[in-house]
Amino acid sequence: KAGVTQTPRYLIKTRGQQVTLSCSPISGHRSVSWYQQTPGQGLQFLFEYFSETQRNKGNFPGRFSGRQFSNSRSEMNVSTLELGDSALYLCASSLSTSGVTDTQYFGPGTRLTVL
Amino acid sequence: AQSVTQLGSHVSVSEGALVLLRCNYSSSVPPYLFWYVQYPNQGLQLLLKYTTGATLVKGINGFEAEFKKSETSFHLTKPSAHMSDAAEYFCAVSQNTNAGKSTFGDGTTLTVKP
């Protein structure tokens, strides 16, 4: 079974631009979560989508948004990029069957650099 | 609310020595606990998890962890370190009935000396 894939793997943008990152979960997984990883703040939860609905949300400004499609693929968008948005963005998918804690499987991440 | 504290941002051991990475958590409800490993420029790989049941959990690559409720700890151990164990390790806690929102510790970088 193919793992979680993220595209692109590397991105370079300038301040003020916007960016869209894509995540394809493992086949059959319905939950997709996004995390931001930086040396200063560590791993921080952005949001989680399940069946095309945002189910959980972290403490990030509204510039960070996401969506999930009917095939469970997810995108996250960051508008008006700031230097501090430079980070590794990780996507994780899980089965998320009702009432069960499911293992999250992580993709390799997208390395975003904002200049 | 939930939080995770990993004691020691860097741990160095000799090859063949015991590996002990410490994790303490805070959770208002019974926690679900995880250990992940991250190699440079890669995503996170699950080593092991505790949800319910047996408090000693065995994972991949010879790692295990013990859930101690009284100490709010979930320390990761491996009897004999291998050079390939050098990586960054993250402890995480989740409160929900799914792992969609996990809170991670700051990570511990493990160095293995020959």
| note | Under 4.5 Å to a heavy atom of chain B? For A:L90 that would be side chain

| query | Taking A:R111, A:Q37, A:Q44, A:R9 one by one, which has the highest count of heavy-atom pairs under 4.5 Å against chain B? | reply | A:Q37

| Taking the six-membered ring for Trp, is the centroid-to-centroid distance between B:F90 and B:Y36 below 6.0 Å? | no

| said: Measuring centre to centre across the rings, with the benzene-like ring taken for any Trp, is A:Y35 within less than 6.0 Å of A:F47? | reply: no

| query | In terms of heavy-atom proximity below 4.5 Å to chain A, should B:L46 be classed as side chain, backbone, both, or neither? | reply | side chain

| Contact part of A:L88 toward chain B, heavy-atom cut-off under 4.5 Å: side chain, backbone, both or neither? | side chain

| query | Do B:K49 and B:F34 meet the cation-pi criteria used here (NZ or CZ under 6.0 Å from the six-membered ring centre, within 45° of the axis)? | reply | no

| note | Separation between CD (B:Q38) and CG (B:L47), nearest 0.5 Å, reads 12.0 Å

